[in-house]
K.L.:
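Questions regarding the structure given below will be posed in turn.
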Amino acid sequence: MKKKLICMVIFITVMSTLLSACGGNKANEATGNAGTSGSATPAGESEKPLELTWLNILHTASPPTDVVKSKIEEYTKSKITFNWVPDASKEERITTALASGELADIVTLTMMTNSSVRSSLKSGLFWDVGAYLDDYDNLKNIPAEVRTAASIEGVLYGVPFQKNLARSGLVIRKDWLDKVGLAVPTTLDELYEVAKAFTEKDPDGNGKQDTTGFGDRSDLRYSSFKLLSSYFGTPNGWKVDESGKFTPEFDTPEYLQTLNYSRNLYENGYLAKDFAVTAKTDQQQQFAQGKTGIYTGMVDIKNLHDLSQGLQEGMELVPVNKISNGDGKYRVWSEGSGVGGLLAFPKSEVKTEEELKRLLQFVNDLIDEEVFMLMTGGIKGTHYEIDADGAFKIIDLEKWQADVQPFASSRPSEVTFTLKDANPEKEMSNQLIKENNDFAVLDPTVPLDSATANEKGTEMAKIITDASFKFIMGELDEAGFKEAVESWKKSGGTQIIAEYEEAYKKAKQ
């Protein structure tokens, strides 16, 4: 009897092990082997879905439907509640949320130079995730230089959004160039002539003078100004000389040259008169409707073409990333040294290390190829297809815009996987963005910190922004602009300079 009992125990143990192994395989098959080593719970092994809230930035007119969202939830074994913040109002909404403490489990922070954001990060409001990343199969591959650029004084307060080093460049109406008899510009002087011709020479052929060269928006950083500034050779944010002396970009001759160039565009009508009150979505619509012919942002080239459908038939676009100031050299500013912000985890919402690890696993799973494709293209056969040449092509634009497009800017990494685009304009743009790495100009303060800049840097920056807008619109002369620079210095700018110089010196030791 005793022997029979022992045999029965052994039999049950063996069968339990086999059944457990089979169940584990099914879980892995369902999730595409999304699990990882380390102490975190792999996706697919949780007994119940992870319920999370995500305060996220919306770059489209409307939030996405649940079509792709449900697929992402299925893959990551989660239930996501999004709180979407329109890009146009992100500064106000995010800073208000930080001040009030009305946050979410995951908070998308893209304004890394914003003083309220930096102060909140340094105050200990968010988890330091630096010690956890190497426990996850995707997060551990975030390069050391990206982690450094995303850190503040060596502390990493969230998972970095991995971006291309420099995505900026121009999108120009190629069909309009042909109409006015001009080639793709390679210098600032040639670019000016293109803007002039697009305004004065009826490039759309409707017999009316109703077009403008440059469309633009109320944002010095992401408008034409920052890009033109880098073409002139303006430092990206700050200039540092060999002795470690810091000079803000707006206190350089090149910045003033950019102001005068932009002013000439504006005074002659080659820059949209309403640029100072125009949002990004309106700027895109103006371009799609054939009101403007030059757009800043190569990354948007396909979206611009899609928006033009039914409005501008036969539109031909060309991305441009090489414009020199006449010296034959090319420069383009780098946004965050390849960091697009952070996916941060507030301690007020994420109470325990166990909760943090599960959320990190969720972010890790978003980098898997299957989720990358969901957030980029949607569902294969419904939203996109891969053609015989291995190129990616959207097959239902309307569905893609409604179900997928809003997720594109939420991908934790844009560089882990690359797609060959079936659209030749978009593919050319993708290649030029990669080429930008060769002459990208970095901001030396990205890994540094200034207490004064954290406290009131964003508010102080409005002094320069307002003065720059007024100068471009002819409401301020050079003397008035220089007075604004001095006002910035007296308001705390001199202290910011000293603090960056000290931080730079320590970093060099």
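Note that these values count all heavy atoms, side chains included, but never hydrogens, waters or copies made by symmetry.
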K.L.:
Side chains of N454 and S119: any donor to acceptor distance under 3.5 Å?
P.N.:
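No.
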K.L.:
Cut-off 3.5 Å, side chains only: do T452 and E499 have a donor facing an acceptor?
P.N.:
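Yes, a side-chain donor-acceptor pair sits under 3.5 Å.
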K.L.:
Show every donor-acceptor pair shorter than 3.5 Å between a side-chain atom in residues 154-166 and any protein atom, with sequence neighbours excluded, or say none if there are none.
P.N.:
unit_1, atom_1, unit_2, atom_2, d
K163, NZ, E414, OE2, 2.6

K.L.:
side-chain hydrogen bond (donor to acceptor under 3.5 Å, both in side chains) with D210: which residues, sequence neighbours excluded?
P.N.:
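Testing D210 for side-chain hydrogen bond (donor to acceptor under 3.5 Å, both in side chains), a comparison that skips the adjacent residues, returns N206.
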K.L.:
State which residues pass salt bridge (charged side-chain N to carboxylate O under 4.0 Å, His left out) with D204; sequence neighbours excluded, sorted by chain then number.
P.N.:
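Scan of D204 (salt bridge (charged side-chain N to carboxylate O under 4.0 Å, His left out), adjacent residues dropped) gives none.
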K.L.:
Assess the side chains of N321 and E435: does a donor N or O sit below 3.5 Å from an acceptor N or O?
P.N.:
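Judged by distance alone, the side chains do pair up.
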K.L.:
Who are the ring-ring contact (aromatic ring centres under 6.0 Å, His included) partners of W400, not counting sequence neighbours?
P.N.:
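Result, ring-ring contact (aromatic ring centres under 6.0 Å, His included) vs W400: none returned.
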K.L.:
Looking just at side-chain N and O atoms, do N303 and Q405 make a donor-acceptor pair shorter than 3.5 Å?
P.N.:
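Yes, because at least one side-chain N or O of N303 sits under 3.5 Å from a partner of the opposite role on Q405.
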K.L.:
Could you check if a side-chain atom of Q309 sits within less than 4.5 angstrom of a side-chain atom of E398, using non-hydrogen atoms only?
P.N.:
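The answer is no, as the side chains (C-beta and beyond) never meet within the 4.5 Å cut-off.
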K.L.:
Does any N or O in the side chain of H305 come within less than 3.5 Å of the main-chain N or O of M315, such that one atom is a donor and the other an acceptor?
P.N.:
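Yes; judged by distance alone, with no hydrogens or angles, the pair exists.
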K.L.:
Can you list the residues that meet the ring-ring contact (aromatic ring centres under 6.0 Å, His included) rule with F372, with sequence neighbours excluded?
P.N.:
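Result, ring-ring contact (aromatic ring centres under 6.0 Å, His included) vs F372: F417.
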K.L.:
Would you call D175 and R173 a salt bridge, using N to O less than 4.0 angstrom?
P.N.:
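Yes.
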K.L.:
Quick test of your reading: applying ring-ring contact (aromatic ring centres under 6.0 Å, His included), list the pairs with at least one residue in residues 197-228, sequence neighbours left out, ordered by first then second residue.
P.N.:
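Applying ring-ring contact (aromatic ring centres under 6.0 Å, His included) to every pair that reaches into residues 197-228, excluding sequence neighbours, yields W176-F198, Y222-W333, F225-Y255.
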K.L.:
Mark yes when over 12 heavy atoms from residues, nucleotides or ligands other than K280 sit less than 6.0 Å from its NZ; otherwise mark no.
P.N.:
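Buried by this count: over 12 neighbours within 6.0 Å.
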K.L.:
Apply salt bridge (Lys or Arg N to Asp or Glu O under 4.0 Å) to residues D134 and R147 and explain how you reach the verdict.
P.N.:
CA-CA 12 Å; D134 288 342; R147 300 188 195 194; 2.9 Å; yes
K.L.:
Could you pull out all residues at least two apart from E200 that satisfy side-chain hydrogen bond (donor to acceptor under 3.5 Å, both in side chains)?
P.N.:
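Y270.
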K.L.:
Does atom NZ of K245 have more than 12 heavy-atom neighbours, drawn from other residues, nucleotides or ligands, at distances under 6.0 Å?
P.N.:
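Atom NZ in K245 is not packed in, count stays at 12 or less.
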K.L.:
Per the salt bridge (Lys or Arg N to Asp or Glu O under 4.0 Å) rule, what does the pair list look like for residues 106-120, sequence neighbours excluded?
P.N.:
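Residue pairs with at least one partner in residues 106-120: R118-D449.
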K.L.:
Going by distance alone, is a donor N or O of one side chain under 3.5 Å from an acceptor N or O of the other, for S243 and D241?
P.N.:
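There is such a pair (donor and acceptor under 3.5 Å, judged by atom type) between the side chains of S243 and D241.
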K.L.:
Does atom NZ of K90 have more than 12 heavy-atom neighbours from other groups under 6.0 Å away?
P.N.:
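Count over threshold, so yes.
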K.L.:
Regarding K226 and N236, do their side chains bring together a donor and an acceptor under 3.5 Å, going by distance alone?
P.N.:
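N236 and K226 do have a side-chain donor-acceptor pair below 3.5 Å.
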K.L.:
Taking atom NZ as the centre, does K122 end up with more than 12 heavy-atom neighbours from other residues, nucleotides or ligands that are less than 6.0 angstrom away?
P.N.:
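Yes, enclosed.
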K.L.:
Would you check, one step at a time, whether the test salt bridge (Lys or Arg N to Asp or Glu O under 4.0 Å) holds for K489 with E486?
P.N.:
CA-CA 5 Å; K489 291 179 179 179; E486 291 305 311; 3.6 Å; yes
K.L.:
Would you please name every residue forming a salt bridge (charged side-chain N to carboxylate O under 4.0 Å, His left out) with R263, sequence neighbours left out?
P.N.:
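Salt bridge (charged side-chain N to carboxylate O under 4.0 Å, His left out) list for R263, sorted by chain: E267.
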K.L.:
Hey, does S168 have a side-chain heavy atom less than 4.5 Å from the side chain of E335?
P.N.:
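The answer is no; the side chains never approach within 4.5 Å.
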K.L.:
Sequence neighbours excluded, which residues qualify as side-chain hydrogen bond (donor to acceptor under 3.5 Å, both in side chains) partners of T186?
P.N.:
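In terms of side-chain hydrogen bond (donor to acceptor under 3.5 Å, both in side chains), with neighbours along the sequence ignored, T186 is linked to E190.
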K.L.:
Mind checking whether I106 and F345 have side chains closer than 4.5 Å, heavy atoms only?
P.N.:
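Yes, side chains in contact.
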K.L.:
Run the salt bridge (Lys or Arg N to Asp or Glu O under 4.0 Å) check on K393 and D389 step by step: do they pass?
P.N.:
CA-CA 11 Å; K393 182 179 181 180; D389 295 326; over 6 Å; no
K.L.:
For Q209, what residues pass the side-chain hydrogen bond (donor to acceptor under 3.5 Å, both in side chains) criterion, not counting sequence neighbours?
P.N.:
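Applying side-chain hydrogen bond (donor to acceptor under 3.5 Å, both in side chains) to Q209 gives none.
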K.L.:
In terms of heavy-atom contacts, does NZ of K302 have more than 12 from other residues, nucleotides or ligands at under 6.0 Å?
P.N.:
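Buried by this count: over 12 neighbours within 6.0 Å.
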K.L.:
Set out, in order, the CA-CA distance, both residues' side-chain angles and the distance that settles side chain to side chain contact (heavy atoms under 4.5 Å, CB included) for N436 and R167, then state yes or no.
P.N.:
CA-CA 7 Å; N436 278 348; R167 301 187 299 164; 5.9 Å; no
K.L.:
Return each pair, listed once, that meets ring-ring contact (aromatic ring centres under 6.0 Å, His included) where at least one residue sits in residues 489-509; pairs must be two or more places apart or across chains.
P.N.:
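Pairs touching residues 489-509 that pass the test: W238-Y500, F246-Y504.
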K.L.:
Taking everything shown except K179 itself, do over 12 heavy atoms lie less than 6.0 Å from its NZ?
P.N.:
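Result for NZ/K179: enclosed.
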